Amino acid sequence: EHLVLLTGAGISTSAGIPDFRGPKGIWTVEKEQRKKNKKRKRNNEQSPQVIDPAADQPPTTTSMDFGKAQPTLTHRAITKLAELGRVK
C-alpha cells in the first residue's frame, strides 16, 4: 500500500550539499579544528612568551552553502511518490 524509502547522505551530496562524516565533512573538519586549537593552547601554556589568540577561540563552524544545491533525480522521484500518496 505504501512505500518505505531508505536514503542516505549520498542523495544530498550529489546535489551539492556537503556531508557531515566524510573526509571533508562538516563534523570531521570541526573535530580537526578542535584538535588544532587544543594543541595551540597547550603550546601557549608551555611557552607563554608566544601568544596565539586563535588558541582560545572556539572552532569555527564550517558554513553550509545551499545556494548552489540542486534537486537530483532521486529527490524529484521521492517528491513525485509523496505527491501520489505512495510515501508517508
Side-chain angles (χ1 to χ4, degrees):
E1 193 172 304
H2 290 99
L3 298 173
V4 174
L5 304 175
L6 302 174
T7 66
I11 70 168
S12 294
T13 55
S14 61
I17 297 172
D19 70 359
F20 285 84
R21 292 177 289 216
K24 294 187 181 199
I26 303 297
W27 292 341
T28 305
V29 171
E30 286 182 355
K31 184 177 180 181
E32 290 171 7
Q33 288 174 340
R34 282 193 298 275
K35 284 181 184 178
K36 287 178 186 178
N37 284 353
K38 281 183 182 180
K39 186 176 180 180
R40 281 190 198 120
K41 192 167 185 171
R42 267 196 315 271
N43 289 341
N44 285 347
E45 289 169 356
Q46 292 171 359
S47 303
Q49 70 276 10
V50 178
I51 299 171
D52 182 358
D56 288 325
Q57 298 300 315
T60 57
T61 302
T62 305
S63 175
M64 293 180 67
D65 180 14
F66 295 100
K68 296 178 183 174
Q70 294 292 318
T72 64
L73 180 61
T74 306
H75 290 115
R76 290 185 185 104
I78 292 170
T79 300
K80 187 65 174 174
L81 288 169
E83 288 170 353
L84 294 172
R86 297 297 313 251
V87 179
K88 285 192 174 186

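This is a predicted model, so every value here is computed, not measured.
- Within the structure, every pair that satisfies the ring-ring contact (aromatic ring centres under 6.0 Å, His included) test and touches residues 22-43, not counting sequence neighbours, is listed here: Phe20-Trp27.
- In the model, Arg34 has no side-chain atom that pairs as donor or acceptor with a side-chain atom of Asn37 under 3.5 Å.
- In this structure, Leu6 belongs to a hydrophobic cluster whose other members, linked by side-chain heavy atoms under 4.5 Å apart, are Val4.
- Under the side chain to side chain donor-acceptor pair (under 3.5 Å) criterion, Thr72 pairs with His75, sequence neighbours left out.
- In this structure Glu83 satisfies the side-chain contact (heavy atoms from CB on, under 4.5 Å) test together with Thr79, Lys80, sequence neighbours excluded.
- Residues satisfying the side-chain contact (heavy atoms from CB on, under 4.5 Å) criterion with Lys35, sequence neighbours excluded, are Lys31.
- The two residues Glu1 and Arg86 come nearest to each other via the heavy atoms O-NE, 3.9 Å.
- Here the straight-line distance linking atom CD1 of Ile17 with atom NZ of Lys68 works out to 13.5 Å at 0.5 Å rounding.
- Going from atom CD1 of Ile11 over to atom CD1 of Ile78 covers 4.0 Å, rounded to the nearest 0.5 Å.
- Thr28 places no side-chain N or O within 3.5 Å of a backbone atom of Pro23 that could act as its donor or acceptor partner.
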